[in-house]
There are 2 protein chains.
Amino acid sequence: MQTSSTHDRIVVAASRLIQRQGYVGTGIKQIAKEADATLGSVYHFFPGGKEAVAVAAIAHGRDEFADLLRTALDSVDDPAEAIDACARLLARELRASGWTDGCPVTAAALETLGTADSPIQQACADALRTWQNLVADKLLGCGFPSPEARDLAATVINTLEGAEVTAQVTRTQDPLLLAGRHLSRLVASYA
Amino acid sequence: MQTSSTHDRIVVAASRLIQRQGYVGTGIKQIAKEADATLGSVYHFFPGGKEAVAVAAIAHGRDEFADLLRTALDSVDDPAEAIDACARLLARELRASGWTDGCPVTAAALETLGTADSPIQQACADALRTWQNLVADKLLGCGFPSPEARDLAATVINTLEGAEVTAQVTRTQDPLLLAGRHLSRLVASYA
DNA sequence: CGATGACTAAAACGAACGCTCTATCCAGCG
DNA sequence: CGCTGGATAGAGCGTTCGTTTTAGTCATCG
């Protein structure tokens, strides 16, 4: 019946729930129920408790989001157009999810700011770094000089991040589509 | 001793706490303690409970943040430089707070996405709209055509928003300073 | 066959949650 | 003076939290 292991179902369910309601807002029991697992299973696979589950979930979200970015970035050669494609893909997916599935780490990151060196913070920082590198590599591959490419990549990710939040709150694609156009123009101005 | 009313102390404390730990992560009792008030006082001034407190707190955060933006926007005539000034001011304040006091609504907005028409969501949307209008008015006052100014203002706020989150996670000013430079360039390219 | 260990299942713990309730304080006023 | 009503104070409600604990299932392997 079930195509994936209990361990994986827990990670996937946790990732989705944390993405939608944040880290504090998501309970271990809710994760277990959503994953069709029992509390015992969760603590069996993650003796570290809720925090350990969250770290694995965030890593999963990082990879999922990275795949999305890669798809869009590889769809077009021109870097400016590729970044616009990212924004459009994000907009489409966000709309398709009913405006609930945005960035998988932002909420968790903001909620755990107080604990600066927590594993969760590190997992979020790692995700952001991974995504930036994806964009940076695209720009570098298109001949952008190194410091410029990294700087642009950072702003690209940050802008998409912020635009996605606004898109979720206003339940509109516009912020993301706008961000795509503006980022595209910005990148083109450096080419 | 205390210079402000109990009502106001509750709002200010709630605003700060929600900004730092989100809506779900902040308890009513914690708000009362931080505001040097008692639980009874909180429910006296806010019969609507936690949600009512949060709505007032978010409105307060909106105004505080708006004052910050206004200060930066009014400090320079040139619109591109003014937006860079916004980013630099945000970076300075964020650093001064120990990277904890970022955007006062993002966390709350993301945590309550499930309840699309909740008063909290509306308060967050209202805050974002207010800030966008501030930037748009600056651009309009500098002679930018109307649709362009509004579009740019949206991306400016969204980029600052996203850059602030990354700045908080990485505990660095760089994302915000970078956003300022890039936004400045983008705005200048439209002038 | 008996035993081992991975996995599932659920009861129960103390703590914290949002909220309600009653009691008390005290300034303003007839 | 007594009364009234806004404001303060905190005990306690039921519920849920993350976690621990104990019991049970079941395939694998000596």
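Each chain gets a letter, A, B and so on, in the order its sequence line appears, and its residues count up from 1. Owing to the predicted nature of the structure, the values given are computational and were not obtained by experimental measurement.
B:Leu39 places its CG atom 11 Å from the P atom of D:dG10, with the value rounded to the nearest Å. Between the CD atom of A:Gln21 and the C1' atom of D:dC17 there is a distance of 14 Å, given to the nearest Å. The separation between B:Tyr43 atom OH and D:dG12 atom C1' is 14 Å, rounded to whole Å. Atom P of nucleotide D:dA7 and atom CZ of B:Phe46 are separated by 12 Å, given to the nearest angstrom. Remark: C1' of D:dT16 and CD1 of A:Ile31 are 15 Å apart, rounded to the nearest angstrom. Rounded to an integer number of Å, the gap from CD1 of B:Ile10 to P of D:dA7 is 11 Å. Atoms NZ (A:Lys33) and P (D:dG18) sit 13 Å apart, rounded to a whole Å. For the pair B:Asp36 CG and D:dT8 P, the computed distance is 12 Å after rounding to whole Å.
Classification of the A:His7-A:Phe45 ring pair by plane angle, with boundaries at 30° and 60°, yields perpendicular.
Not one side-chain nitrogen or oxygen of B:Thr6 sits closer than 4.0 Å to the OP1 or OP2 atom of D:dA7. For the pair A:His44 and C:dC7, the criterion of a side-chain N or O lying under 4.0 Å from OP1 or OP2 is met. Taking side-chain N and O atoms only, B:Thr38 has no distance below 4.0 Å to OP1 or OP2 of D:dG10.
Within 4.0 Å (heavy atoms only), A:Phe45 reaches sugar-phosphate atoms of the nucleic acid but no base atom. Among the protein residues, A:Gly49 comes within range of the sugar-phosphate backbone only, with heavy atoms under 4.0 Å from sugar or phosphate atoms but none that close to a base. B:Ile28 comes within 4.0 angstrom of the backbone, heavy atoms only, and of no base.
Side-chain contact annotation: A:Thr106 with A:Glu161, donor-acceptor N/O pair under 3.5 Å present. In this model, a donor atom of one side chain and an acceptor atom of the other lie less than 3.5 Å apart for B:His182 and A:Thr155. No side-chain donor from either of A:Thr112 and A:Thr115 sits under 3.5 Å from a side-chain acceptor of the other.
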Kindly indicate, with the supporting measurements, whether the criterion salt bridge (charged side-chain N to carboxylate O under 4.0 Å, His left out) is fulfilled by A:Asp84 and A:Arg181.
CA-CA 6 Å; A:Asp84 190 54; A:Arg181 288 213 299 276; over 6 Å; no

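Residue-to-nucleotide proximity on DNA chain C shows that, of A:Ala37 and A:Lys29, the 5′-proximal contact is made by A:Ala37.
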